[in-house]
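Comments concern the structure below.
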Amino acid sequence: MKYTKQDVIRLVQEEDVEFIRLQFTDIFGTMKNVAITASQLEKALDNKCMFDGSSIEGFVRIEESDMYLHPDLDTFTIFPWRPQQGKVARLICDIYRPDGTAFEGDPRYVLKQTLKEAAEMGYQFDVGPECEFFLYHTDDNGQPTTITHEKAGYFDLGPVDLGENARRDMVMTLENMGFEIEASHHEVAPAQHEIDFHYDDALTTADNIMTFKLAVKTIAKRHGLHATFMPKPKAGINGSGMHINMSLSKDGKNIFADPTDANGLSIEAYYFIGGLMKHVRCMSAITNPLVNSYKRLVPGYEAPVYIAWSARNRSPLIRIPGIRGEGARVELRNPDPSSNPYLVLAVCLAAGLDGIKNKIMPPAGVDRNIFSMSEVERNELGIEMLPNNLLAAVEEMEKDPFICGVLGEHVSKNYCRAKREEWAQYSMNVTAWELEQYLYRI
């Protein structure tokens, strides 16, 4: 939907919108907002709404704190879960400095810069995400727990699936907001769910992922449940991923498709895969940004661990889904839903474009189950592993000037500093596992 300033003003008046949330995302993927009343709308649409950037972690120092919000008019949406009198709407914003230049620490800006590079090569980057999450009970104080009474599994339905009503409500709410929902189902683990929405251009998709998370959490709360996008809230069960399905189009045609190839893939698709495989270890701190992310990336729980690709099986990091022709796409399976979608899509696209520009051919596809191979077999095939913890991932990222360059100095330095601090805090913490293992024995 393309909106003008007048369209937004008219919709706010006609729909009796009282509050407008000016939303943006910090470098760690947390949504922030400044709420204004309808009387301040014109000021906001004239890009005159200011906020204190120094209060947002990873943004700017206190001596350079004034930041301006520039609303993207096409993101105007009315929240269907708010009251019908005095409705609440939102606009997603880009962040600018007082001198009128775009703020390089804005994740949306990082993605836009990478999309600009793709556009200069004649490409549009389309993305379809698969977002998984858990629905848990809350305690008497409304605080989240990891308790669930349900024991449903993959594709199960009610009455086994106690989250079914909440999930249906989420789908209807998202459709009210203009999402095209392709599928929703119960996932493998108890209380785990997935809702897939239609692919779109990368910027719209990143915006949609942020909106999706907000809607899912809001609707869950209405059902007395807590929705979490934490990658691995419980040991011994599958974690939550956010698989990213990607394709490039040129002049409206999917350039990943080639009917003459055995896998239905073009040479550009192979180069794109090669670029992803070259940089994926260094992208891990972005695609898997938490200490907890690496508890999901372990053998035995369907999450990818080994850097390989296949058009035949699901164990490798990169999968080529069965659909061919205009639906041909490359699926990256390690990202998780705690990540910042703007930064994830920026590094994925940049890595793929690097593959195309430098004609990086990937190794042969691996059509066997990698998890059942011995270490010797994996070494013979040259199959590497993803980093196994957050510190290792940050160290890989700091070694790759290419990925740091995609993010820009401001984001990469602040991000790595914060993630090293997160690892330090975790390392100093004494866990229940340690007490159980050592307290009585030693």
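Between W309 and L276 the shortest side-chain heavy-atom distance does not fall below 4.5 Å. At a threshold of 4.5 Å between non-hydrogen side-chain atoms, the residues F19 and F79 do not count as touching. Counting heavy atoms from C-beta outward, M242 and I244 have side chains that approach closer than 4.5 Å. In this structure the side chain of N340 never reaches within 4.5 angstrom of the side chain of I286, judged on heavy atoms. Two residues are said to be in side-chain contact when any heavy atoms from C-beta on lie closer than 4.5 Å; P231 and L290 meet this criterion. A 4.5 Å side-chain heavy-atom check between T211 and T77 finds every atom pair outside the cut-off. Using a 4.5 Å cut-off on side-chain heavy atoms (C-beta onward), H410 and Y109 make no contact. Counting only heavy atoms from C-beta outward, the side chains of V347 and H279 never approach each other to under 4.5 Å.
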Go through it in stages, so that I can follow the logic: the residues are R97 and E104, the test is salt bridge (Lys or Arg N to Asp or Glu O under 4.0 Å), and I'd like the CA-CA distance, side-chain angles, deciding distance and then a yes or no.
CA-CA 9 Å; R97 294 184 180 278; E104 69 278 12; 3.0 Å; yes
For D169 and H223, run side-chain hydrogen bond (donor to acceptor under 3.5 Å, both in side chains): C-alpha distance rounded to whole Å, both residues' side-chain angles, the deciding distance at 0.1 Å, then the answer.
CA-CA 9 Å; D169 202 359; H223 286 260; 2.9 Å; yes
side-chain contact (heavy atoms from CB on, under 4.5 Å) between I237 and K232, worked out
CA-CA 8 Å; I237 60 170; K232 188 89 168 185; 5.5 Å; no
Evaluate the criterion side-chain hydrogen bond (donor to acceptor under 3.5 Å, both in side chains) for residue pair Y342 and D106; output intermediate values, then yes/no.
CA-CA 9 Å; Y342 300 100; D106 176 8; over 6 Å; no
Could you please spell out the steps behind the side-chain contact (heavy atoms from CB on, under 4.5 Å) verdict for D354 and F402?
CA-CA 9 Å; D354 186 47; F402 177 80; 3.6 Å; yes
Set out, in order, the CA-CA distance, both residues' side-chain angles and the distance that settles side-chain contact (heavy atoms from CB on, under 4.5 Å) for L248 and L353, then state yes or no.
CA-CA 10 Å; L248 287 176; L353 293 180; 4.3 Å; yes
Quick one: do D126 and D201 satisfy side-chain contact (heavy atoms from CB on, under 4.5 Å)? Show the steps, please.
CA-CA 4 Å; D126 292 317; D201 69 272; 4.2 Å; yes
side-chain hydrogen bond (donor to acceptor under 3.5 Å, both in side chains) for D207 and T75? Distances and angles first, verdict last.
CA-CA 8 Å; D207 288 341; T75 64; 5.9 Å; no
Take E421 and Q425, measure what side-chain hydrogen bond (donor to acceptor under 3.5 Å, both in side chains) needs, and give me the verdict at the end.
CA-CA 6 Å; E421 177 62 24; Q425 293 288 335; 2.8 Å; yes
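E331 contributes no side-chain N or O that, together with a main-chain N or O of R319, makes up a donor-acceptor pair within less than 3.5 Å. Put simply, the side chain of R222 gets close to the backbone of W81: a donor and an acceptor are under 3.5 Å apart. Within the 3.5 Å criterion, the main-chain N or O of A328 finds a donor-acceptor partner in the side chain of N254. Although no hydrogens or angles enter the test, the distance criterion places no donor-acceptor pair under 3.5 Å between the side chain of N358 and the main chain of I360. Using a distance-only test at 3.5 Å, with no hydrogens or angles considered, no donor-acceptor pair links the side chain of K32 to the main chain of F24. For the pair K234 (side chain) and T146 (backbone), a donor-acceptor distance under 3.5 Å is present. A donor-acceptor pair is defined here as one N or O able to donate and one able to accept, closer than 3.5 Å; such a pair exists between the side chain of E422 and the backbone of V291. In this structure a side-chain-to-backbone donor-acceptor pair under 3.5 Å is present from N288 to N334. Between the side chain of T218 and the main chain of L214, a donor-acceptor pair closer than 3.5 Å is present. R108 places no side-chain N or O within 3.5 Å of a backbone atom of T25 that could act as its donor or acceptor partner.
Minimum heavy-atom separation, Y415 to P289: OH-CB, 3.1 Å. For the pair Y123 and I255, the tightest heavy-atom approach, listed with the atom from each and the gap, is CE2-CD1, 3.4 Å. Minimum interatomic distance between S284 and Y294 (heavy atoms only, all atoms of both residues): O-OH, 3.1 Å. Contact detail for V411 and G105: the closest heavy-atom pair is CG2-CA, 3.8 Å. Across V330 and I273, no two heavy atoms sit closer than the pair CG2-CG1, 3.9 Å. Minimum heavy-atom separation, Q192 to S240: NE2-OG, 3.3 Å.
Crowding of M172 atom CE: a count of heavy atoms from other residues, nucleotides or ligands under 6.0 Å not exceeding 12. Heavy atoms of other residues, nucleotides or ligands lying less than 6.0 angstrom from CD of E409 number 12 at most. Within 6.0 Å of atom CG in D99, more than 12 heavy atoms from other residues, nucleotides or ligands are found, so the atom counts as buried in its surroundings. In this structure, K112 places its NZ atom where more than 12 heavy-atom neighbours from other residues, nucleotides or ligands lie under 6.0 Å away. Y426 OH: 12 or fewer foreign heavy atoms inside a 6.0 Å radius. Taking a 6.0 Å sphere around OH of Y136, one finds it holds more than 12 heavy atoms contributed by other residues, nucleotides or ligands.
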Name each donor-acceptor pair under 3.5 Å that joins a side chain in residues 382-390 to protein atoms two or more places apart or in another chain, with its distance.
{"unit_1": "N389", "atom_1": "OD1", "unit_2": "L391", "atom_2": "N", "d": "3.0"}
{"unit_1": "N389", "atom_1": "OD1", "unit_2": "A392", "atom_2": "N", "d": "2.7"}

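We find that E117 and K357 are joined by a salt bridge, their nearest charged nitrogen and carboxylate oxygen being less than 4.0 Å apart. The existence of a salt bridge linking R281 and E395 is excluded, since no basic side-chain nitrogen approaches an acidic carboxylate oxygen closer than 4.0 Å. Salt bridge E268/K250: absent, no basic N to carboxylate O contact under 4.0 Å.
Interatomic distance, CD1 of I36 versus CD1 of I20, reported as 4.5 Å (0.5 Å rounding). Atoms CD and CD1, on E398 and I403 in that order, are 13.5 Å from each other to the nearest 0.5 Å. Interatomic distance, T287 OG1 to D336 CG, rounded to the nearest 0.5 Å: 7.5 Å. To the nearest 0.5 Å, the span separating CD1 on I181 from NE2 on H198 amounts to 11.5 Å. In this structure, the separation between CG on D258 and CG on L265 is 8.5 Å, given to the nearest 0.5 Å. The NZ atom of K213 sits 7.5 Å away from atom CD1 of I209, with the distance rounded to the nearest 0.5 Å.
Using cut-offs of 30° and 60° for the angle between ring planes, the F212 and F133 rings count as perpendicular.
Under the 3.5 Å distance criterion, with hydrogens and angles disregarded, a donor-acceptor pair is assigned to the side chains of E434 and T431.
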